[in-house]
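What follows is a short report on a single structure.
Since the structure is predicted, the reported quantities are computational estimates derived from the model, not experimental observations. Chain letters run A, B, ... following the sequence lines, proteins first and then strands; every chain starts at 1. Values below: every heavy atom of this structure, side chains too, minus hydrogens, waters and symmetry copies.
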Amino acid sequence: MSAPQSQNRHLPDRLQTPMARMLRSWEALLVVVFILIFTANSFASPYFLNVWNLSDATFNFTEKAMIAFAMAMLIIAGEIDLSVASIIALASTAMGLVMSAGYGVPVIVLAGIATGLICGAINGALVAGMNLPSIVVTIGTMSLFRGVSFIILGDQAFTGYPKEFAFFGQGYVFWVISFELFLFAVTAVIFYILLHRTNFGRTIYVIGNNPVGALFSGVRVARVRFILFLLTGLMSGVAAVCLTSRLGSTRPSIATGMELEIITMVVLGGVNILGGSGSILGVVLAAFIMGMVTFGIGLLNVPGIVMSIFLGLLLIAVIAAPKLIWRK
Amino acid sequence: MPTSAPVLSLRALSKSFPGVKALQDVQLDLYAGTVTALIGENGAGKSTIVKVLTGIYQPEAGEIFLDGTAVKFPSSEAAAAAGVSAIHQETVLFDELTVAENIWLGHAPKTKWGLIDVAAQRRQAAALLKSIGAKIDPDILLRELGIAQRHLVAIARALSIDARVVIMDEPTAALSHKEIQELYDLVETLKSKGKAILFISHKFDEIFRIADHYTVFRDGQFVGAGLMSEATETQLVQMMVGRAVDQIFPARVRNIGDVVFTVAGYSHPTEFADIRFSLRKGEILGFYGLVGAGRSEVMQALFGITKPSAGAVNLDGKVRVIRTTADAIAAGIVYVPEDRGRQGAIKGLPIFQNASLPSLTKTSRGGFLRLAREFALTREYTQALDLRAASLDQDIGLLSGGNQQKVVIAKWLATKPRVIILDEPTKGIDIGSKAMVHEFMAKLAAKGLAVIMVSSEIPEVLGMSDRVIVMREGRIAAELVGDAMTPEALVRAAAGLGEAA
C-alpha cells in the first residue's frame with residue numbers, strides 16, 4: 001500500500017509570537033490613539049493633569065463600559081442588544097418603586113439587578129428560544145421597557161434615595177479610586193477571563209464565525225445566546241444601580257441614547273460589528289479613549305453637541321485608519 | 001478539431017498570497033469550439049486561475065492574450081465585457097430574483113427611458129433557455145430551482161453576455177447521473193456554437209468523456225498540456241500528483257465484531273420513513289442513493305440536528321435519546337458533514353480551535369481553556385492525516401478543501417467516537433487527499449470504529465464498504481452484501497428499477 005506517504009512534516013503551533021501579534025493588533029493602535037489624545041488634552045488645558053479631575057473623568061465611561069463588555073460578547077456572537085438603555089430606565093424605575101415602598105438599600109440594589117436579569121431573559125427567550133433576529137427583538141423591547149417606565153412615572157421622578165445608596169455612584173473605595181472605577185476594573189477582569197480564557201468564551205467566537213458550523217460541532221448555540229442576553233441584562237441592571245445612585249433620582253428619560261454610545265465603544269474597541277472577532281482589552285481602551293475625549297473637550301467648554309461630533313469623527317477615523325494604512 | 005490560434009492564452013502568469021505562491025509562471029490556452037480540461041489536486045491553483053480569468057484577482061506577473069492581443073481584466077465587469085464567463089463551483093446567483101433577472105442581471109435590455117425592459121428581458125431569457133434545451137419558466141424565483149437547473153440558468157447567463165470563453169468549475173459536483181448526461185449534451189451545444197470551454201473537474205471519467213485538450217497544474221505550476229486522445233489516466237494521475245498511485249482503494253484488514261449501533265423505525269414527517277439498520281464494530285457501512293434520497297437527512301437526525309418523529313437508537317446495548325448534537329457527541333456518534341464550508345469548518349478561527357472544539361471539555365480544566373493541550377490534541381490527530389498548513393494557528397479558511405476536510409475529520413476523531421458518519425467525505429477534494437481519507441477510513445475501521453459512509457460515487461461505495469444500504473425517496477430500497485454489491489445493483493435499487501432481466 002503506497003498511497004500518499006506521510007512525510008510527517010512538523011507544523012509549528014504559531015508562526016508569530018504572541019508579542020509580535022500584539023504589536024500589530026488593533027489594541028496597539030488604540031494605545032497610540034489614547035496616548036495622542038491624552039497628550040493633546042494635557043497641552044490644551046492646565047486642569048487636565050490633576051488626579052481628581054482625571055478620576056472624575058472616569059465617570060464618563062464606567063457605566064457604559066460595564067454594559068459594553070457584555071455587549072462586546074453579544075456582538076462577537078453575531079447578535080446585538082439595542083434595549084440596554086431602556087433596561088436601565090426600567091431597572092431604575094423598579095428601584096424607585098421599591099424605595100418608595102420604604103425598603104432599604106439592599107432591596108433597592110437587588111430590584112435593579114433583578115429587573116435587568118428579567119429584561120435580559122425576555123430578550124434571550126425571544127432571540128434564542130424563538131429564533132428571532134436580535135436587532136428586531138431588541139428594537140421592540142427598547143420601546144417596550146422604556147414605555148413601561150413612562151407609564152409608571154409619567155412626568156414625575158423618584159427622588160429621595162437613602163443617603164447610603166449614594167455610595168454606588170458617588171463613593172470612593174480608596175483615595176481617587178471611585179466605587180464605579182473599581183467595579184469597572186473588576187468587571188473588565190471578569191469579562192476578560194470569561195471571553196478569552198474559558199470554553200464559554202471560545203464558543204462565542206465559534207458561533208459568531210459560523211453558527212451552523214457551531215451547531216454541527218455540538219455547541220449548544222441557543223443556550224449560549226440566551227446566557228449572553230442574560231449577562232447583558234445583568235450588566236444593564238448593575239449600570240442602572242450606579243447611574244441612579246450617581247444622579248440620585250429616576251426619570252423615565254434616564255440614559256436615553258446610551259445604547260448607541262455603548263455600541264460605538266464596542267466597535268471602536270475593534271469588535272467586528274458582523275461578529276466573529278474582538279477583545280475585551282480593545283473595549284477597555286476604547287472606554288478610556290471615549291472618556292478622555294469627552295472630558296478633554298468638556299474642559300475646553302465645548303458644548304455637548306460638538307462633543308458628539310468629535311466622537312462620531314473619532315469613530316470613523318479609527319475605523320478607517322487601518323483600511324488607509326494597510327490598503328496594499 | 002480546430003487547430004487555429006487560441007482564443008485566450010495565459011503566459012508566465014504568477015499570483016501569490018501571504019505565504020503561498022498560488023500560481024507560478026503558469027500557461028494555459030483555450031481554443032474556440034474546444035473543451036480544455038484543467039486538471040490538478042486541490043491547491044494546484046485551479047480556483048485561482050478562474051478568479052484571475054474573471055477579473056476577481058489581479059496577477060502579479062504574466063500576460064493574458066485575447067485573440068493574440070494582450071489584455072487586462074481589472075474587474076469582473078471587464079472580464080465579462082471581454083466575453084469571459086464562469087459557472088462556479090457554488091454558482092453565484094440570486095435566490096430572490098427570477099430566472100430572467102438572474103440571466104440578465106447587470107446587462108438587462110433597457111427601454112428608451114433607461115428602465116429595464118421587463119418584457120424583452122423575459123422574452124430573451126426564454127429564448128436563451130430554449131436554445132440550451134432547458135425547460136425552465138423565466139418568471140419563477142431562482143430559489144425554487146434545484147442545483148442542476150441553477151446550472152442551466154448560469155449557462156444561459158453566460159450565453160446572454162455572448163461569452164466566448166465559458167469556464168465550468170466542477171459543474172457536475174452536485175448533479176445526479178441523469179443531470180450529468182444533460183450537462184454533457186449542453187457542453188456539446190456550447191462547442192458547436194464555437195465557445196472556448198475551460199472544464200475543471202476531479203472526475204476522470206468525465207474529463208475523458210468531454211474534454212479535447214488537457215492542462216495539468218501541480219502546486220501552482222504548469223506541468224503539461226496535450227490532447228486527451230493521446231493521454232492515459234495513469235499518465236494524467238502521475239502528472240497531477242507527481243508520483244504513481246498504484247491502487248485507488250486501500251487493502252482492508254477486516255476485523256468486524258459485534259453489533260454496536262442499531263437504528264429502528266427512524267421516521268421524519270417529510271424526509272424519511274422507517275429507517276432501520278445495524279452497524280458492527282469495525283464495519284464500513286455504505287449509504288448509496290441519488291441526490292435527494294434522504295441519506296443526509298437520516299444522518300443528521302442520528303446526529304441530533306433534526307428531530308425524528310419516531311424511532312429509537314441503541315448504542316452498546318443502551319437505548320439513547322438524541323435530541324441535540326451535544327447528546328450525539330456525548331453518546332459517541334459524530335458526523336462529518338457534506339457541506340464542509342458551512343457545516344464543517346469554522347472559517348475565521350484557527351486550525352487548532354477548530355480541531356479542539358468538540359473536545360474542549362477534555363482539554364480544559366474547570367471550564368478554563370488550556371491552549372497547550374489544544375495544540376497537542378490538534379497535532380496528535382492532524383499528523384496522522386498529513387495536514388498541510390503553515391502553522392496550527394492558521395485560519396482554517398485559508399486551507400484547501402482537502403486540508404479543511406482533514407481538520408474536520410481530526411476534530412471528530414479527537415472525541416474518540418464509537419460511530420463516525422462521513423457524509424460524502426471525498427466530495428470535491430483532490431485525488432491525493434482522497435486516497436488519504438480512504439486509507440484513513442480503512443484504518444479507523446481496522447481499529448474497531450463503526451463507520452457509516454454516505455457517498456454518491458459508486459466506485460467509492462463499492463471500494464470501501466463492507467455492506468451497502470441503498471436509499472430511495474426517504475426509504476431503504478435495498479441492502480447489499482458481498483457478491484450482490486455490483487454497480488448495476490446499486491443503480492437499479494437507487495432508481496427504483498426491478499431486478500435485471
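Within the 4.5 angstrom heavy-atom criterion, atoms from both the backbone and the side chain of B:Phe368 approach chain A. Interface residue B:Arg379: only side-chain heavy atoms are found under 4.5 Å from chain A. In this structure, chain A has no heavy atom under 4.5 Å from any part of B:Ile351. With a 4.5 Å cut-off on non-hydrogen atoms, A:Ile193 touches chain B through its side chain but not through its backbone. Interface remark: B:Ala345 contributes backbone atoms only to the contact with chain A (heavy atom separation under 4.5 Å). Proximity to chain A involves both the backbone and the side chain of B:Ile346, based on heavy atoms less than 4.5 angstrom apart. For A:Arg14, the parts lying near chain B are the backbone and the side chain together; criterion is any non-hydrogen pair under 4.5 Å. For B:Ser356, the part sitting under 4.5 Å from any heavy atom of chain A is the side chain, from C-beta outward, and nothing else. Looking at B:Pro337, only its side chain comes within 4.5 Å of chain A, counting heavy atoms on both sides. B:Ile329 touches chain A through its side chain: at least one heavy atom from C-beta onward sits under 4.5 Å away, while N, CA, C and O do not.
Taking B:Trp412, B:Phe303, B:Phe375 one by one and counting their heavy-atom pairs under 4.5 Å with chain A, the maximum is reached by B:Phe375.
With hydrogens and angles ignored, the 3.5 Å screen pairs a side-chain donor or acceptor of B:Gln405 with a backbone N or O of B:Pro425. Judged purely by atom type and a 3.5 angstrom limit, A:Asn123 has no side-chain atom pairing as donor or acceptor with the backbone of A:Phe229. Without hydrogens or angle criteria, A:Asn209 side chain to B:Leu349 main chain gives no donor-acceptor distance under 3.5 Å.
Inter-residue side-chain proximity for A:Ile76 and A:Ser277 is flagged as unmet; no heavy-atom pair is nearer than 4.5 Å. At least one side-chain heavy atom of A:Leu230 sits under 4.5 Å from a side-chain heavy atom of A:Leu117.
Residues B:Thr306 and B:Glu297 bring no donor and acceptor atom of their side chains to less than 3.5 Å of each other. Side-chain atoms of B:Asp423 and B:Ser296 form a donor-acceptor pair, as typed in the model, at a separation below 3.5 Å.
In this structure, B:Glu374 does not pair ionically with B:Lys362, as no charged nitrogen and carboxylate oxygen lie closer than 4.0 Å.
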